[in-house]
Number of protein chains: 2
Amino acid sequence: MGRQRKFDEEDILFRAMELFWIRGYEATSIQHLETHLGVGKRSLYNTFGNKENLFIEALKRYQALALSGLQGLDETENAKQAIRDLYLRRIEFVASKDGWRGCLMTNTAVELAPHNPRVAKQIKAMLKDTENALFKTIRRGQNNRQLSANLDARMTAVFLTQNVLGFNAFAKVSPGTRNLKRSAEITLSVLDAP
Amino acid sequence: MGRQRKFDEEDILFRAMELFWIRGYEATSIQHLETHLGVGKRSLYNTFGNKENLFIEALKRYQALALSGLQGLDETENAKQAIRDLYLRRIEFVASKDGWRGCLMTNTAVELAPHNPRVAKQIKAMLKDTENALFKTIRRGQNNRQLSANLDARMTAVFLTQNVLGFNAFAKVSPGTRNLKRSAEITLSVLDAP
DNA sequence: TTTATTTTGCACCGATTGTTGCAATTGAGT
DNA sequence: ACTCAATTGCAACAATCGGTGCAAAATAAA
């Protein structure tokens, strides 16, 4: 009973995610959200409580998005090629039609996480998602004799995770996928260790 | 002639740099600067014009600081060891007494550069500083037969630069130098290519 | 149709943002 | 001692921030 909503909550969260993604947390004001989402601020506050909650919910949608990207690792038989594909997908991922939006996880890790424990906890979880997915893939490659057993699978996964953060940050100031792709190839050469 | 200043401009810039470093650009308000610098806002505006100019001048001081760190590369004969030392120094660099401040270049690349062309230009210059210093060191290592001639020196330098951004971002959410140091060793293994 | 309940639009809140006008203060040059 | 330019402290500015109170609008249940 009562008046029915004019918007879909999940749709709003997805689009809010994109706005935070492009402009960052502080620079995306409630007013900005209002106009670009087509929803009155009062409805936003009724639904999500406050800006922080709205952001955290939006960030969860990003986490789901990133997680589905990581699942692509399982679809390629060769471990190194699987990781290469992930990198190439992520490089396209951080490039939007107009300019470079980078990666919401990286942006948030730098801008918001240091001052907000709730956000920091969530970012840590997302980093662990990445690390664990890469770890699993490296282990699989070792079992299949595609990667050397001498590789420290866990630390290599940590290394690759840091590296993803790196090119996300790099992409924000240096447009163009060419350098990113060539640099990614060097990153992958770590997997060729004897 | 006229009334003399109560502060040293260079000293203020250095301390402002530290404040921006810890809290970020937006979160460091003029009021915050006023109290922590011990200088009235009116003096700040008289001297630097506005907040953006003050920040850019402070960022230049950071650039000089980073540049002097890069010069340490020339002080170690072995190229790989020189780069390792740089990494270890930078890992300590991003760790302050109280918590993790990360790297002002990385923080700014993510938070401010995308919306501010002047800042973006300066960040690009700083990245080029890093890349060029690493390139020179890699070349030196190749000339001295310490590193393989098969290494693409330029792209390896780009890779290492991205990697530095990566662990700067990583450090903001994952305190502790241990993981960073171990991951750095994997990064350096790229230089062992045959 | 009436009632009960939820959502929406509008006005408005106090706090804070960066920035400036102005007059008092300072101190070197005359 | 006087002048004049530079610097300072204080008050205030308009704009914007996140957030709310309240009544009208909308809709399901009675």
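So you know, we letter chains A, B, ... as the sequences are listed, proteins then strands, and number each from 1.
To the nearest angstrom, P of D:dC22 lies 14 Å from CG of A:N46. A:E52 places its CD atom 16 Å from the C1' atom of D:dC17, with the value rounded to the nearest Å. One atom, CZ of B:F48, and another, P of C:dT19, lie 14 Å apart when rounded to the nearest Å. Between B:I30 atom CD1 and D:dA14 atom P there is a gap of 20 Å when expressed in whole angstrom units. The CG-C1' distance, from B:N50 to C:dT17, rounds to 14 Å in whole Å. One can place CD of B:E9 at 14 Å from C1' of D:dA6, the figure rounded to the nearest angstrom. To the nearest angstrom, P of D:dT8 lies 12 Å from CD of B:E34. Per the geometry, CG belonging to A:N53 stands 13 Å off C1' belonging to D:dG18, to the nearest Å.
The shortest heavy-atom contact between B:T28 and B:L19 is OG1-O, 3.5 Å.
Within residues 35-43 of chain B, the residues that place at least one heavy atom under 4.0 Å from DNA chain C are, in residue-number order, B:K41, B:R42.
Remark: A:K128 engages A:E131 in a salt bridge, criterion side-chain N to carboxylate O under 4.0 Å. At a threshold of 4.0 Å, the pair B:E57-B:K60 counts as salt-bridged, since one of the basic side-chain nitrogens sits closer than that to a carboxylate oxygen. A salt bridge is defined here as a Lys NZ or Arg NE, NH1 or NH2 lying under 4.0 Å from an Asp or Glu carboxylate O, and A:E185 with A:K181 fails to meet this definition. Using a 4.0 Å cut-off between charged nitrogen and carboxylate oxygen, B:D85 and B:R89 do not count as a salt-bridge pair.
If you find the closest nucleotide of DNA chain D to A:K51 and to B:K6, the one lying nearer the 5' end belongs to B:K6.
In this structure, A:R61 fails the cation-pi test against A:F14, since its NZ or CZ atom is not both closer than 6.0 Å to the six-membered ring centre and inside 45 degrees of the ring normal.
Contact annotation for A:F7: backbone-only contact, meaning every heavy-atom pair under 4.0 Å involves sugar-phosphate atoms and none involves a base.
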**OP:** Encode nucleotides 24-30 of chain D as B, S and - characters from 5' to 3', where the letter depends on protein heavy atoms closer than 4.0 Å: B to the base, S only to sugar-phosphate, - to neither.
**Re:** -BBBSS-
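Of the candidates C:dT17, D:dG19, D:dC17, the closest approach to any side-chain atom of B:S29 belongs to C:dT17.
The shortest distance between the side-chain N/O atoms of B:Q31 and the OP1/OP2 oxygens of C:dG18 is not below 4.0 Å.
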Subject >> B:N163 vs A:Q162, side-chain hydrogen bond (donor to acceptor under 3.5 Å, both in side chains): CA-CA, chis, key distance, verdict >> reply: CA-CA 7 Å; B:N163 198 264; A:Q162 281 185 26; 5.5 Å; no
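A perpendicular orientation is assigned to the rings of A:F55 and A:Y25, their planes being inclined by more than 60° (bins at 30° and 60°). Between B:F93 and B:Y62, the angle of the ring planes lies from 30° to 60°, which puts this pair in the tilted group.
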